[in-house]
Amino acid sequence: MKLKKIISLALTLMMSSTLLVGCGQSKKSAEVLNIYNVGDYIDEDLITKFEEETGITVVYETYDTNESMYQKLKSGSTKYDLVFPSDYMVEKLIAEDMVAPIDYSKIPNYKYIMEDYRDPAYDPGNKYSVPYMWGTFGILYNKTMVDEKDVKSWDVLWNPKYKGEIQMLDSVRDTMGISLIRLGHSINTQKTSEIEAAKNELIKQLPLVQAYVNDDGKDRLLVGDAAMGIVYNGDALVLMDENEDLAYSVPEEGTNRWIDAMCIPKTGENKDYAEAFINFILEPENALQNVEYIEYSTPNQAAYDMLDEEVKNNPTAYPDKKVLDKSDVFLNLPKDVLKVYEDAWTEIKSQ
């Protein structure tokens with residue numbers, strides 16, 4: 001899951017005090033909707049609006065990664081009614097019978113979802129998930145420090161010219177995915193030889209890398225302490241707004257096209273309220289307000305149609321078909337294959 005925006009500690013604390021009830025505990029009530037989402041991944045004004053329109057109290061808690069959300073659900077320690085997993089995690093939750101089928105008779109606003117985001121490989125027919133946001137990841141670079149022609153290929157991350165100025169994501173699937181794409185392989189490969197080759201290239205790259213980072217790397221990019229780093233497109237838009245020297249590139253070899261979705265855990269106690277909230281979020285005016293706040297890409301056709309032309313024509317937010325045709329969605333992999341990836345990642349990080 002992607003952390004969608006750069007937020008201050010003050011905002012985090014404000015949201016915690018106003019939106020969260022308890023710490024790690026979901027309030028159980030027939031009039032409460034327990035939502036578990038990535039931090040700052042919704043316009044909180046919409047939560048207030050939903051409460052005012054329905055009389056339902058929203059208890060809103062946040063997590064940082066798909067994996068931490070999965071572990072919380074798996075533990076059974078809390079009973080969330082709505083979660084926001086990424087594509088491959090949706091597939092995992094379905095495979096482990098952890099999410100409930102969605103009753104689309106209660107979600108008439110699903111009609112606004114674009115055809116391209118229906119019937120995905122991770123959830124054929126969208127039986128268990130409704131698309132929420134989508135995007136890409138690529139290279140955010142400082143135009144005063146990096147030659148534009150270099151960032152047309154993932155090879156730039158292996159270019160000795162930028163030694164000590166390259167940040168990589170501290171994420172096994174994303175970073176291994178970059179290395180696999182660069183070698184001409186699928187980001188979902190199950191071939192041990194291809195995973196091994198991707199690992200070896202990342203080990204070769206290590207002397208050039210400034211650091212493996214997560215959200216802390218964005219601050220360095222913002223102030224010019226690194227020449228380039230891997231970010232998600234919505235983060236790129238926010239950072240470019242703050243520093244005109246920054247630009248975003250999706251290399252020609254391709255990238256990951258991620259999709260985040262809304263799912264209803266089987267352990268939840270308020271499925272009707274979860275479906276009501278999904279329908280509320282898909283209402284065009286609400287979807288527009290949400291995407292303008294988050295600054296990612298919307299799968300909601302009506303909301304997209306209402307966006308400013310400048311936004312719709314921005315290739316960072318809405319890349320063209322050529323870019324999307326070369327993009328793959330991460331899929332859940334068998335446990336034995338994931339173990340190969342994890343072992344490779346451990347070896348890389350231990351160097």
Side-chain angles (χ1 to χ4, degrees), residues 1-2 65-67 86-89 135-141 146-147 149-215 217-218 220-221 226-233 235-236 248-258 319 323-351:
M1 180 73 68
K2 328 296 178 287
T65 67
N66 277 289
E67 286 67 30
S86 298
D87 32 49
Y88 72 95
M89 185 55 68
T136 61
F137 73 70
I139 302 170
L140 186 72
Y141 64 99
V146 180
D147 192 328
K149 70 176 187 297
D150 289 344
V151 294
K152 292 182 179 180
S153 170
W154 290 113
D155 286 342
V156 68
L157 301 176
W158 279 259
N159 190 330
K161 178 166 63 172
Y162 302 110
K163 182 177 181 179
E165 298 288 349
I166 301 167
Q167 292 185 7
M168 296 295 288
L169 276 181
D170 192 5
S171 166
V172 56
R173 290 296 300 271
D174 288 331
T175 296
M176 287 289 289
I178 289 170
S179 191
L180 286 165
I181 292 169
R182 176 173 173 260
L183 294 173
H185 305 316
S186 167
I187 59 175
N188 296 304
T189 186
Q190 298 188 31
K191 296 180 179 178
T192 301
S193 60
E194 294 178 355
I195 299 170
E196 183 77 7
K199 177 202 73 176
N200 289 336
E201 286 300 301
L202 288 169
I203 290 175
K204 290 178 186 177
Q205 181 208 27
L206 285 173
L208 309 179
V209 175
Q210 181 188 96
Y212 272 59
V213 298
N214 286 310
D215 293 300
K218 300 186 188 106
R220 299 186 202 177
L221 291 168
M228 70 188 80
I230 312 304
V231 302
Y232 302 104
N233 62 321
D235 291 328
Y248 181 74
S249 173
V250 175
E252 294 174 347
E253 297 95 334
T255 188
N256 164 232
R257 180 187 189 180
W258 56 264
V323 171
L324 295 180
D325 284 347
K326 288 188 175 182
S327 302
D328 284 335
V329 173
F330 280 123
L331 299 177
N332 186 40
L333 299 173
K335 289 183 179 179
D336 59 330
V337 176
L338 285 174
K339 180 68 164 52
V340 177
Y341 276 89
E342 289 162 3
D343 288 347
W345 189 243
T346 299
E347 186 173 346
I348 293 165
K349 298 296 293 292
S350 69
Q351 298 294 313

Check for a donor-acceptor pair, side chain of [X] on one end and backbone N or O of [Y] on the other, with a separation under 3.5 Å.
{"X": "T255", "Y": "P251", "answer": "no"}
{"X": "W154", "Y": "G254", "answer": "yes"}
{"X": "T136", "Y": "N233", "answer": "no"}
{"X": "K326", "Y": "E252", "answer": "yes"}
{"X": "N188", "Y": "L331", "answer": "yes"}
{"X": "Q167", "Y": "V213", "answer": "no"}
{"X": "N66", "Y": "S86", "answer": "yes"}
{"X": "D170", "Y": "N214", "answer": "no"}

Side chain to side chain contact (heavy atoms under 4.5 Å, CB included) evaluation trace for I187 with Y88: CA-CA 12 Å; I187 59 175; Y88 72 95; over 6 Å; no
As an exercise, state the distance from [atom1] of [X] to [atom2] of [Y], rounded to the nearest 0.5 Å.
{"X": "L180", "Y": "N256", "atom1": "CG", "atom2": "CG", "answer": "12.0 Å"}
{"X": "L208", "Y": "L157", "atom1": "CG", "atom2": "CG", "answer": "9.5 Å"}
{"X": "M89", "Y": "N332", "atom1": "CE", "atom2": "CG", "answer": "7.5 Å"}
{"X": "E196", "Y": "K191", "atom1": "CD", "atom2": "NZ", "answer": "15.5 Å"}
{"X": "R257", "Y": "L324", "atom1": "CZ", "atom2": "CG", "answer": "4.5 Å"}
{"X": "D147", "Y": "K152", "atom1": "CG", "atom2": "NZ", "answer": "9.5 Å"}

Distance-minimising heavy-atom pair for V146 and A227: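 The pair with the smallest heavy-atom distance is CG2-O, 3.5 Å.
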Residue pair A236 / Y248: nearest heavy atoms and the distance that separates them: CB-CD1, 3.5 Å
From CA spacing to verdict: side chain to side chain contact (heavy atoms under 4.5 Å, CB included), I230, D174: CA-CA 9 Å; I230 312 304; D174 288 331; over 6 Å; no
With a 4.5 Å cut-off on side-chain heavy atoms, are [Y] and [X] touching?
{"X": "L140", "Y": "Y232", "answer": "no"}
{"X": "L206", "Y": "Y212", "answer": "yes"}
{"X": "S153", "Y": "W158", "answer": "no"}
{"X": "M168", "Y": "Q205", "answer": "yes"}

Distance-only donor-acceptor check, side chains Y141 and D150, under 3.5 Å: no
Within 6.0 Å of NZ in K161, more than 12 heavy atoms from elsewhere: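 Yes.
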Greater than 12 external heavy atoms within 6.0 Å of K163's NZ: no
Listed partners of I195 passing side chain to side chain contact (heavy atoms under 4.5 Å, CB included), at least two apart: M176, T189, V337, V340, Y341, A344
Test side chain to side chain contact (heavy atoms under 4.5 Å, CB included) applied to K204 - qualifying residues, sequence neighbours left out: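 Result, side chain to side chain contact (heavy atoms under 4.5 Å, CB included) vs K204: E201.
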Parallel, tilted or perpendicular, as decided by the 30° and 60° cut-offs, for the rings of F137 and F330: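 Ring orientation, 0 to 90° scale: parallel.
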Residue of the set E347, E194, E342 for which salt bridge (charged side-chain N to carboxylate O under 4.0 Å, His left out) holds with K199: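 Testing each of E347, E194, E342 against K199, the sole residue satisfying salt bridge (charged side-chain N to carboxylate O under 4.0 Å, His left out) is E347.
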